[in-house]
Protein chains: 2
Amino acid sequence: MPAEATTAIASPAIASLGKVDRETMSGRVYRDLRNLIMAGQVCPGERLSIRTVAGALGTSMMPVRDAIARLAAEQALEVLPNRTVRVPILTRRRFQELRTIRLMLEGHATAVAAERVTPPALDEIRALHAAFTAEHAHAEPDAGRLIAINKDFHFRIYEAAEMPALMQIIEGLWLQIGPVLNFDLRSKSRRLSDRVALRYHQGMLDGLEARDGAAARAALAGDITTAGDFILACDALLDE
Amino acid sequence: MPAEATTAIASPAIASLGKVDRETMSGRVYRDLRNLIMAGQVCPGERLSIRTVAGALGTSMMPVRDAIARLAAEQALEVLPNRTVRVPILTRRRFQELRTIRLMLEGHATAVAAERVTPPALDEIRALHAAFTAEHAHAEPDAGRLIAINKDFHFRIYEAAEMPALMQIIEGLWLQIGPVLNFDLRSKSRRLSDRVALRYHQGMLDGLEARDGAAARAALAGDITTAGDFILACDALLDE
DNA sequence: TCCCTGCAACTGTGATCACATATCGCAGCG
DNA sequence: CGCTGCGATATGTGATCACAGTTGCAGGGA
């Protein structure tokens, strides 16, 4: 029998074996849908049918059922009284509530990150900021890429706070807000606030480098607040 | 055909029809497990087998699979690399992190509640505090009931803040902390901190009545902090 | 006494099926 | 022209089955 089962034989050949798809299909569907939602690539109100998604992914209904159940538990999807499931439509009130929570939680994560961030982490954050800036410099910036880099920039900072439970909650918040980014994504006028986004990001970076938690937090607050104002002005939200 | 399907016929008889079990078995299993966990009636590290739970509940595996998937998404349960699922075992570090987050979130909810609480809500909160006090007066207080009343007291306050998204997050936090209440529950020495718990609850109530958000928040902070210290002293937690 | 081996029971995963219900479209009547 | 009623389609839910992987334990060898 090959060495895997035995205790101490370490052949160099083993390391090159690679891992055999240790991921369940449920997990994969879940992750894919999650990324889709967080990247703002699904429309608020859009309906998901288990069979349709399963067909599109070439699997049976089971993994999709599972993934949707998990996303619904995180409020990333919504099950209507009809028991059909759709991408939630945020009310203005709820959006503002989420923004308030984000200011607290992401503000705290940023402040803590300013204390704990390591030089290599700072380098990564700098690189992401540079990439964000570069993408803005393009004549025709790719909105999808912009959103992705922005997300990486924020979460790389939160990760530096070394508070995994906090980060999971923050991810949940982005997951709920994700779909409205869709509208933002399609509106080309977003450039208006983009310049200020760059400035706030720079402020966060400066705060981290100076280990000034309050400054970094203040810059983040500006970022979140102005971005939120932009969405609110778009009225992609339910009035309620 | 009875009136239900038609538009405008409002017979008094209809109202008495009652609703026919409009709840899925998945939903029921989910809710039951959730309550069990939040009430601290499952042990950290305890393993759950889908078939076993299904057998105990007299259903097939399906609803249990569904419920467990949802709870796992909320970190209320944990899927091991083996793909078996168990009640998570908190590390000290994670427990302290959760406490920090609770101080922020529940503190904010309490402060906002102080501004928005209505007289009838205040009455309910007073009643719950009275019940909590009364249960303490018993010679042999029922720990389970104590935990339940405490939870109702806190969440009735948070509900008064009228921030549903915030409340869902807080529920998620209680869900993660629930299992360690189990140890607390079994240790009879808990009386030590109970007196102080009563005092802090009184302080929260006073703050709400005076519409003094800062005072209510400070009292809540004392409650959470001292309760957390008690758990940490029990070392029911993983050292990491 | 300890460690290894091999078999049996058990577990989660994915697929498929049956069923009750909801939704949509169309015909028929007012 | 608009509303009502009915049939066809599609949807979520729950049950059952097959399978692969893991775990646990007993037996045999050193």
Side-chain angles (χ1 to χ4, degrees), chain A residues 1-9 17-33 42 45-73 76-88, chain B residues 1-10 17-33 42 45-73 75-88:
Chain A
M1 202 151 281
E4 280 252 335
T6 72
T7 343
I9 304 179
L17 272 180
K19 30 211 73 179
V20 281
D21 134 5
R22 201 91 194 76
E23 192 182 23
T24 65
M25 314 196 69
S26 275
R28 182 162 165 66
V29 175
Y30 169 73
R31 194 163 43 75
D32 287 352
L33 286 179
V42 295
E46 189 174 337
R47 279 188 172 68
L48 298 193
S49 125
I50 295 181
R51 283 179 176 86
T52 303
V53 176
L57 273 60
T59 71
S60 82
M61 305 170 43
M62 277 306 311
V64 180
R65 273 174 77 167
D66 207 87
I68 286 183
R70 289 194 251 176
L71 289 166
L77 293 176
E78 180 183 21
V79 297
L80 303 178
N82 324 342
R83 293 183 184 160
T84 79
V85 25
R86 73 168 184 195
V87 180
Chain B
M1 204 151 282
E4 281 251 336
T6 73
T7 342
I9 305 180
L17 270 181
K19 30 212 72 178
V20 281
D21 165 359
R22 201 92 193 80
E23 192 182 23
T24 66
M25 315 196 69
S26 274
R28 184 166 162 65
V29 175
Y30 170 73
R31 195 164 43 75
D32 287 353
L33 285 180
V42 295
E46 188 175 338
R47 277 188 172 70
L48 297 193
S49 129
I50 296 181
R51 285 179 175 85
T52 304
V53 176
L57 273 61
T59 72
S60 83
M61 304 170 44
M62 278 305 312
V64 180
R65 273 173 78 166
D66 206 88
I68 286 183
R70 288 195 253 177
L71 290 165
Q75 336 290 344
L77 293 176
E78 179 183 22
V79 296
L80 303 178
N82 323 342
R83 294 187 182 158
T84 80
V85 23
R86 72 169 184 194
V87 181

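To find a chain, count down the sequence lines: A is the first, B the second, and so on, and within it residues start at 1.
Closest approach to the A:T52 side chain among C:dA15, C:dG12, D:dT11 is made by D:dT11 (side chain taken as heavy atoms from C-beta onward). Between D:dG12, C:dT23, C:dG14, one nucleotide has an atom nearer to the side chain of A:S26 than all others, and that is C:dG14. Proximity note for A:R83 (side chain, C-beta onward) versus D:dT13, C:dT23, D:dT11: the nearest is D:dT13. Ranking C:dG14, C:dA15, C:dT11 by closeness to the A:T24 side chain, first place goes to C:dG14. The side chain of A:S49 lies closest to D:dG12, out of D:dA15, C:dA15, D:dG12.
Rounded to a whole Å, the CD1 atom of A:I50 is 14 Å from the P atom of C:dA15. Distance, A:R70 CZ to C:dG12 P: 14 Å, rounded to whole Å. As a whole-Å value, the separation of B:R51 CZ from D:dT16 P is 12 Å. D:dT13 atom P lies 7 Å from atom CG of B:D66, rounded to whole Å. Taking atom CG of B:N82 as the reference point, atom C1' of D:dG24 lies 13 Å away to the nearest angstrom. In this structure, A:M61 atom CE and C:dC17 atom P are separated by 12 Å, rounded to whole Å. Note: CZ (A:R47) to P (D:dA10) measures 16 Å, nearest angstrom. Atom-to-atom, CZ of A:R28 to P of C:dG14 comes out at 12 Å; the value is rounded to the nearest Å.
Test A:L71, A:I68, A:V53, A:L80 against A:V85 for side-chain contact (heavy atoms from CB on, under 4.5 Å) and you get one pass: A:I68.
Contact detail for B:V64 and B:I50: the closest heavy-atom pair is CG1-O, 3.9 Å. Annotation for A:E78 and A:P88: closest pair OE1-CA, 3.3 Å, computed over non-hydrogen atoms. Heavy atoms only, all atoms of each residue included: B:A69 and A:R70 are closest at O-CG, 3.3 Å.
Residue contacts for B:M62: at a heavy-atom cut-off of 4.0 Å it reaches a base atom on one of the strands shown. Residue B:I68 is classed as having no contact, given no heavy-atom separation below 4.0 Å to the nucleic acid.
Here the CZ-CE distance, from A:R65 to A:M62, works out to 5.5 Å after rounding to the nearest 0.5 Å.
Residue-to-nucleotide contacts include a donor-acceptor pair under 3.5 Å from the side chain of B:R65 to the base of C:dG14.
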